[in-house]
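Reading through the structure tokens given below for one structure.
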Amino acid sequence: MTVRVRFAPSPTGYLHVGAARTALYNYLFARHSGGTFILRSDDTDRARSTDEFQADILEYLRWLGLEWDEGFDAGGRHGSYRQSDRYDRYREVAHGLVRRGHAYYSLATGEQLDAFKQAARAAGTSPAYDGSLEPPYEEISKWLAAGETAVVRFKVPRPGETTFTDVVRGDIRFDHAQVDDFVILRSDGTPTYHLASTVDDVDYGITHVIRGEDLLSSTPKHILLTQAMGAEPAIYAHLSLLMGPDGKKLSKRHGDTAMSAYREAGYLPEAMNNYLALLGWNIGDDETIASLDEMVERFDLSTVSKNPAVFDHKKLEWMNGVYIRDMDDDEFVSATLPIVEEAVGRALSEGDRERFARLVPLVKERAKLLPEVGSQARFLFVEIDDYDEAAWSKVMEVDAAPVALDGALAVLEDLEPWTTEAIDAALRGMLEEHGLSARKGLQPIRVAISGSMVSPPLFESLEILGRAETLERIRNARALL
RNA sequence: GGCCCCGUCGUCUAGAGGCCUAGGACGCCGCCCUCUCAAGGCGGUAGCGUGGGUUCAAAUCCCAUCGGGGCUACCA
């Protein structure tokens, strides 16, 4: 059997991390088994679906590198892969179901249904609607003949039960007594999610449905529908949901959930994939870091965890740092140049870029998030007149500061050659001469050239800054003491 | 309320009766390194929800209980 899986988001919101994880697992499973990964747009909710959301989903799926073989925007033999383009097909299936007695036109009103459910609830039983509120057939025909509208409901066979083996959760059983005769066609003739999704899965030959656990209790509906269509149900795998730190389903109130927010915050797609994969699956051999290809190689759906996973920003951040350190310098420069230019407030000249490139090895291992590079590299390209207040009072307004600054000026003025090693030796000599500790004697210099108590390593920074700039900055700071 | 799913360190997980005085990773703490901050090295902290069984032996099997989550729309 050739594996065919699909990721079928509804464009009713931006691509969020939970959906991205579902997409990732589908992708890993497809690639691992040499199957086909399909992207579909489940946009049957016309009121909430927008082109903007659709575009966002495509953009971030691409950003993550989760390329799909077939489907929305990539072509394939099943049309547009956009459900809103297939209403005729869904209607055809629904009408066929009615003809064969698997579905019926329903006239039950919302009020009637509410009463029915409340009564069931009060009795402490299952609230599934079983069609008992429908008027006799003649009345329905008359109603329809008069041109009135009605919804179409699927007739759940009762008594009965649906059982299936979920790849991640094992054997699952649902008594039909608690499965509603659910609506498949709305009164305006458009399909509901259950119908459209199931018809597509059948039509597109989907072999494995890998989706969120929130759809677990809808699965009997999908299996029943599939069987009524005369098709073989897919194999299902329901992934546990992502949780916030409070144990509730991950949502906006826990912070950013949109993938776009993570890119903007400076996360790398490789880190996102690696982290998301770990939320519910372990690579094996006590390993934590693995590339997409390595994960494809080792992915196994049946070892995916049943537990809901809490999304932990701290670990993601750490992992992002790992991937940043792993970037090669050129890659790092192109990823951070815009950030540095933003921090500096202007475009970097050719010479500026060369200086930045020399600083790269120093800042690369100090960043967990890309934007941090802006504040770390900024000092190279701007005049320092906005000394950090705390830094100034803590390291400049002490007796050691003027001594260190004057001493530095003296040994650096004619230093040859202007290299990290020579600067190191010269400044250490100066410290010894004045009986200053490295901490006390070097911090004033750092503040003078960077305006901050935190900067890339001092001697290297001075070398890259250049003699003229270094001396000028030290003099400026000294004059303010 | 009903139905369904889930329950190992704070978090993600390994563990499929003896290999477990429970392993790894993040976090946190300490030490080392050190010009700041990181990175790195070393060490530490912390967990089988609870109660009953079964067994020579249970994190692993059974039952109950408690806790958490999902669904319960003409949303998906």
Side-chain angles (χ1 to χ4, degrees), chain A residues 8-10 12-13 42-45 47-49 106 110 113 117-118 120-128 149-153 166 169-170 172-175 177-180 182-188 190-194 196-197 211-220 238 240-241 243 245 247-249 275 278-289 305-319 321-322 325 362-368 372 376 391 395 424 427-428 431 437-443 445-447 450 452-459 461:
Chain A
S10 291
T12 54
D42 281 16
D43 61 345
T44 50
D45 185 344
R48 294 196 299 145
S49 297
S106 168
L113 255 14
K117 300 215 167 193
Q118 259 168 32
R121 194 168 181 145
T125 61
S126 169
T149 60
V151 300
V152 174
R153 287 180 188 279
D166 189 284
R169 328 198 83 85
I172 311 281
R173 171 185 308 263
F174 284 94
D175 188 326
Q178 67 251 352
V179 180
D180 272 307
F182 55 101
V183 173
I184 56 176
L185 225 47
R186 302 185 186 107
S187 51
D188 65 359
T190 61
T192 60
Y193 166 76
H194 299 303
S197 176
R211 54 169 30 165
E213 195 193 345
D214 51 339
L215 262 358
L216 184 61
S217 31
S218 294
T219 304
H238 288 89
S240 62
L241 270 14
M243 303 295 182
K248 307 279 186 204
K249 192 172 171 180
Y275 180 67
L278 246 38
L279 252 26
W281 178 63
N282 78 299
I283 300 162
D285 298 332
D286 283 341
E287 283 179 50
T288 304
I289 302 295
S305 168
K306 296 191 249 279
N307 301 5
V310 173
F311 192 85
D312 179 11
H313 286 86
K314 277 281 181 50
K315 190 161 185 175
L316 207 212
E317 236 178 68
W318 162 79
M319 192 171 280
V322 171
R325 271 171 257 135
L362 270 25
V363 296
K364 200 170 71 172
E365 67 175 34
R366 289 177 161 68
K368 279 197 167 74
E372 293 169 13
Q376 283 174 8
V395 334
D424 185 329
L427 288 178
R428 282 188 197 285
L431 293 176
S437 68
R439 194 184 199 93
K440 274 206 161 342
L442 262 21
Q443 279 299 75
I445 304 174
R446 186 188 309 284
V447 173
S450 73
S452 158
M453 284 192 290
V454 178
S455 83
L458 189 62
F459 309 136
S461 295

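Quick note on labels: first sequence line is chain A, next is B, and so on, each numbered from 1.
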Phosphate contact (B:rA76 OP1 or OP2) by A:Thr44 side-chain N/O below 4.0 Å: yes
Short side-chain N/O contact to B:rU36 OP1/OP2 from A:Arg439, under 4.0 Å: yes
Sugar-phosphate, base or nothing in reach of A:Tyr275, heavy atoms under 4.0 Å: nothing
Touch class at under 4.0 angstrom, heavy-atom based, for A:Ser305 against every strand present: sugar-phosphate
Whole-angstrom distance between B:rA59 and B:rG18, as gauged at atom C1': 13 Å
Short side-chain N/O contact to B:rG40 OP1/OP2 from A:Arg325, under 4.0 Å: yes
CA sep, side-chain torsions, deciding dist, call: A:Ser450, A:Arg446, side-chain hydrogen bond (donor to acceptor under 3.5 Å, both in side chains): CA-CA 6 Å; A:Ser450 73; A:Arg446 186 188 309 284; over 6 Å; no
Distance-only donor-acceptor test (3.5 Å): side chain A:Ser187, base B:rC74: yes
What's touching nucleotides 68-72 of chain B from the protein side, N or O pairs under 3.5 Å?
from	atom 1	to	atom 2	distance (Å)
B:rG69	OP1	A:Lys248	NZ	2.1
B:rC71	O4'	A:Ser217	OG	3.4
B:rC71	O2'	A:Ser217	OG	3.4

Atom-to-atom span, CG of A:Asp285 to P of B:rG15 - whole angstrom: 11 Å
Short side-chain to backbone donor-acceptor contact, A:Arg153 and A:Ile184, under 3.5 Å: no
Atom pairs under 3.5 Å, N or O on each side, protein against nucleotides 26-29 of chain B: can you list them with distances?
from	atom 1	to	atom 2	distance (Å)
B:rC26	O2'	A:Lys315	N	3.3

Gap in Å between the two P atoms, one belonging to B:rC4 and one to B:rU65, rounded: 14 Å
Below 4.0 Å: OP1/OP2 of B:rA76 and any side-chain N or O of A:Arg48: no
Sugar-phosphate, base or nothing in reach of A:His238, heavy atoms under 4.0 Å: nothing
No-H, no-angle donor-acceptor pair, A:Arg446 side chain to B:rC35 base, under 3.5 Å: yes
Sugar-phosphate only, base, or nothing, as touched by A:Gln178 at under 4.0 Å among non-hydrogen atoms: sugar-phosphate
Given B:rU36, B:rA76, B:rC74, the nucleotide with the shortest approach to the side chain of A:Val183: B:rC74
N-O pairing of A:Asp166 and A:Lys306 below 4.0 Å: no
Sugar-phosphate, base or nothing in reach of A:Ser455, heavy atoms under 4.0 Å: base
A:Asn282 side-chain N/O to B:rG15 phosphate OP1/OP2 under 4.0 Å: no
Whole-angstrom distance between B:rC61 and B:rA14, as gauged at atom P: 14 Å
